[in-house]
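Here the structure is a predicted model, which means the values were calculated and not measured.
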Number of protein chains: 2
Amino acid sequence: MKELVSRCPIEEVMQVLSGRWPTLLIYYLSDGTKRFSDLQRDNPTISHKMLTLELRKLEDAGIVQRTDFDGYPRRVEYDLTPAGLRLVPLIDALGDWWEGVSGGDVLPDVVTVRTT
Amino acid sequence: MKELVSRCPIEEVMQVLSGRWPTLLIYYLSDGTKRFSDLQRDNPTISHKMLTLELRKLEDAGIVQRTDFDGYPRRVEYDLTPAGLRLVPLIDALGDWWEGVSGGDVLPDVVTVRTT
DNA sequence: TCATGGTTACAAAAATGTGCGTAATTTACG
DNA sequence: CGTAAATTACGCACATTTTTGTAACCATGA
């Protein structure tokens, strides 16, 4: 999704939020400040390249704030901006909606087994 | 985004809604029933292959209902399911949120010019 | 020398576009 | 009457584009 085709705000948001990582990163950041390495631990399967790319995209979109501290060891912290915080409930609402749609057949292999 | 990595409903929704087309198609379908060719007209840049693929994905996710009518000329209609209808306001909210974030600098070349 | 948080170039994988073929039915032509 | 052409909504194979992974390298400071 390199370019926009529709002049529609919906397409513009999706350009930022599309993909596996953006919403997950926002979700983890809604916990509070995180370092680069924290986010790597939260999402063990993301490559460091993707992590930097996605964080930059979120930063450019005004959703995430990046702070690079002096000193040792190097420390870079990521937080949600006020706009990012306002986005969180909207993303949560999508998650809740989905749990309603998929009517409980999410995580089929983790379903509680009653042992009577 | 072929597979899920997180057991998180947020990642699951995004697997369905990610990309340029899903939310746009839902948006157009929120207008009411549309035929395949209507959706092609609404989004002139989508290829027929992508249109069928995306519509199938939305159908499988329970967001869109497909009805194939007998007769000539062939007619296939697409509608939002009740779940799809419930999703619409959430998508709209994202669009509104974005218009707030990007603070009016959307559509810079369409900004109203006061002629006073 | 190690740790953190990167960047860059190259390669692999995934998504998307293109063009052709098909099915069912109706209409048009000779 | 027989047959060819048109319409809609696809499916499929192959090619191109875009995204993502991998591995190597860089800077800072203890």
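Taking 3.5 Å as the limit, the base of C:dG17 and the side chain of B:His48 contain no donor-acceptor pair of atoms between them.
In this structure, A:Leu17 and A:Ile26 have side chains that are in contact, with non-hydrogen atoms separated by less than 4.5 Å.
For the pair A:Thr45 and A:Gly71, nearest-nucleotide mapping onto DNA chain D gives the more 5' position to A:Thr45. Looking at which nucleotide of DNA chain C each of B:Asp70 and B:Met50 is closest to, the 5′-most match is held by B:Met50. Comparing A:Gly19 and A:Arg74 along DNA chain D, the residue whose closest nucleotide (by nearest heavy atom) sits nearer the 5' end is A:Gly19.
The side chain of B:Ser37 places an N or O atom within less than 4.0 Å of a non-bridging phosphate oxygen (OP1 or OP2) of D:dA9. Note on B:Arg35: every side-chain N or O is 4.0 Å or more away from OP1 and OP2 of D:dT8. Note on B:Arg56: every side-chain N or O is 4.0 Å or more away from OP1 and OP2 of D:dA9. In terms of phosphate contacts, B:Arg75 brings no side-chain nitrogen or oxygen within less than 4.0 Å of OP1 or OP2 of D:dA9. Using a 4.0 Å cut-off, no side-chain N or O of A:Tyr72 falls inside it from OP1 or OP2 of C:dT1.
Rounding to the nearest 0.5 Å gives a distance of 9.5 Å between CD of B:Glu54 and OG of B:Ser47.
Side chains of B:Trp98 and A:Glu12: a donor on one and an acceptor on the other come within 3.5 Å.
Residue B:Lys49 places its side chain closer to C:dT18 than to any other of C:dT18, D:dA9, D:dT22.
Look at CG on B:Leu51: it is 13 Å from P on C:dT16, rounded to the nearest Å. Here D:dA9 presents its P atom at 9 Å from CD of B:Glu77, a figure rounded to the nearest Å. One can place CE of B:Met1 at 10 Å from P of D:dT20, the figure rounded to the nearest angstrom. Here the P atom of nucleotide C:dG17 and the NZ atom of A:Lys2 are 14 Å apart, to the nearest Å. The distance between atom CD of B:Glu59 and atom P of D:dA9, rounded to the nearest whole Å, is 15 Å. For the pair B:Leu53 CG and C:dG17 P, the interatomic distance rounds to 10 Å; values are reported in whole Å. Taking atom CD on B:Glu54 and atom C1' on D:dA9, their separation rounds to 17 Å, with Å as the unit. Whole-Å rounding puts the A:Lys57 NZ to D:dT19 P distance at 9 Å.
Nucleic acid contact class of B:Arg20 (heavy atoms, under 4.0 Å, all strands): none. A:Phe69 comes within contact range of no nucleotide atom at all, as no heavy-atom separation falls under 4.0 Å.
Residue A:Tyr28 is not grouped with residue B:Leu4 when hydrophobic side chains (ILVMFWY) are merged at heavy-atom distances under 4.5 angstrom, including chains of intermediate members.
At a threshold of 4.0 Å, the pair A:Asp38-A:Arg41 counts as salt-bridged, since one of the basic side-chain nitrogens sits closer than that to a carboxylate oxygen.
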